[in-house]
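The sequence lines fix the lettering, A, B, ..., with proteins before strands; numbering per chain opens at 1. Worth saying up front: this structure is predicted, and the values here are computed from it rather than measured.
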Amino acid sequence: MLQQTPVSRVLPVYEAWLERWPTPADLAAEPSGEAVRAWGRLGYPRRALRLHACAVAITEQHGGQVPDRHADLLALPGVGDYTAAAVASFAFGGAHAVLDTNVRRVLGRAVSAREFPPASLTRAERDLAEGLVPDDRPELWAVAVMELGALVCTANGPRCDSCPILDLCAWQRAGRPAYDGPPRRGQTYAGTDRQCRGRLLAVLRDTDGSVAPERLHEVWSDETQRTRALAGLVADGLVVERDDGRYALPG
DNA sequence: AATCCGTGGGT
DNA sequence: TACCCAAGGAT
């Protein structure tokens, strides 16, 4: 849930989710469409599908227990290098470089004197991060660096006056120079397939049972784009077309 | 390697 | 008002 989504928006959904499905087996026993519905408006609903698939994999292949090894975590649906490292470290105390957007920014500033990290994770960043993971209580290091980035060393308006490592920050020492790398393109959204998919799925999510195609027309009039987006949702497994031509979340 | 994939709060 | 971007992953 936290992938590309702020903590404050995740928390209420997370609480409700765990109350309804306390264990992986509980979630695995449900149709994937229920996960998509319960995902609500967190965004990137394919994550809901993958989390459901993840619960199935844990139930069927790991005896219902979340695996503790990085390689096993990495093999789970929707779990990439960051999430595998985060779970292996936070939950099991493993020594891994937990490289999320916050950590990349903190290390980029404190060590490399750059306001923002490169657009994509570089080998140099990984080498640096791995070299900093301590042997003793590595999970404390991981959570500390991440929280520092989330609460103090923020992307905009960093609270440098209350930073605990200000005296060893290379970016501070360099006079906090502004970012001068290639422009990081912003995501336009209005009129995109993403927006269209979001509108279509919202109709399905907020409706019990199935909906007629006409209901989808109401939220996106451009037929070419609507058809393409709907086909994409079906291909992703987020939506199913029934024999009677109506649409529904996967049952 | 570059693109695609949602949503909403902050500025 | 328009940006910016947030505990990324899959292809």
* Do NZ/NE/NH1/NH2 and the carboxylate oxygens of A:Arg104 and A:Glu125 come within less than 4.0 Å? -> yes

* Asked: Separation of A:His52 atom NE2 from C:dG9 atom C1', in whole Å?
  -> 19 Å

* Once you round it to whole Å, what is the distance between C1' of B:dG9 and CG of A:Asn156? -> 12 Å

* Asked: So what does A:Arg194 hit on the nucleic acid, given a heavy-atom distance under 4.0 Å: a base, only sugar-phosphate, or nothing?
  -> base

* Asked: When we call it a touch if two heavy atoms are under 4.0 Å apart, what does A:Leu201 touch: a base, just sugar-phosphate, or nothing?
  -> nothing

* A:Phe116 has a side chain; which of B:dG6, C:dC5, C:dA7 sits nearest to it? -> C:dC5

* Asked: Given atom CG of A:Leu51 and atom C1' of B:dG6, what is their separation to the nearest angstrom?
  -> 17 Å

* Hey, which of these two, A:Ser8 or A:Gln4, hits DNA chain B nearer its 5' end, going by closest nucleotide? -> A:Gln4

* Asked: Which residue, A:Gly78 or A:Ala150, contacts DNA chain C at a nucleotide closer to its 5' end, judged by nearest heavy atom?
  -> A:Ala150

* Structure fact -> From CZ of A:Arg47 across to C1' of B:dT7 the rounded distance in Å is 9 Å

* Does any donor-acceptor pair link the side chain of A:Thr5 with the base of B:dG6 at a separation under 3.5 Å? -> yes

* To do: Using the P atom on both, measure C:dG9 against B:dG8 and round to a whole Å.
  => 22 Å

* Between A:Ser120 and A:Asp236, name the one whose nearest nucleotide on DNA chain B is closer to the 5' end. => A:Ser120

* Asked: 5'-most contact on DNA chain C: A:Leu74 or A:Glu147, nearest heavy atom basis?
  -> A:Glu147

* When you check the gap from the basic side-chain N to the acidic O, do A:Arg126 and A:Asp81 get nearer than 4.0 Å? -> yes

* Which part of the nucleic acid, if any, lies within contact of A:Thr83, taking any heavy atom under 4.0 Å across all strands shown: a base, the sugar-phosphate backbone alone, or nothing? -> sugar-phosphate

* Are A:Arg176 and A:Trp171 in a cation-pi setup, meaning NZ or CZ lies under 6.0 angstrom from the ring centre and within 45 degrees of the ring axis? -> yes

* Asked: How close or far is atom P of B:dG6 from atom CZ of A:Arg37, stated in whole angstroms?
  -> 17 Å

* Could you state the CZ-P distance from A:Arg46 to C:dT11, rounded to the nearest angstrom? -> 9 Å

* Asked: Between C:dA7 atom C1' and A:Arg105 atom CZ, what is the distance in whole Å?
  -> 11 Å

* Nearest of B:dG8, C:dG8, C:dA7 to any side-chain atom of A:Tyr44? -> C:dG8

* Asked: For A:Val79, which contact category applies under a 4.0 Å heavy-atom criterion: base, sugar-phosphate, or nothing?
  -> sugar-phosphate

* Asked: Which is true for A:Ala155 with a 4.0 Å heavy-atom rule: it touches a base, it touches only sugar-phosphate, or it touches nothing?
  -> sugar-phosphate

* To do: Run the salt-bridge test on A:Asp167 and A:Arg173 with the 4.0 Å N-O cut-off and return the result as yes or no.
  => no

* Taking atom C1' in both B:dT7 and C:dT11, compute the distance separating them and give it to the nearest angstrom. => 23 Å

* To do: Using a strict 4.0 Å threshold on nitrogen-to-oxygen distance, state whether A:Glu115 and A:Arg105 make a salt bridge.
  => no

* Give one of base, sugar-phosphate or nothing for A:Gly80, where a contact means two heavy atoms less than 4.0 Å apart. => sugar-phosphate

* Asked: Taking the same atom, P, in C:dA7 and in B:dC4, what whole-Å distance lies between them?
  -> 24 Å

* What is the distance, rounded to the nearest whole Å, between atom CD of A:Gln3 and atom P of C:dC5? -> 20 Å

* **Expected output: side-chain A:Asp222 to main-chain A:Thr224 donor-acceptor under 3.5 Å** => yes

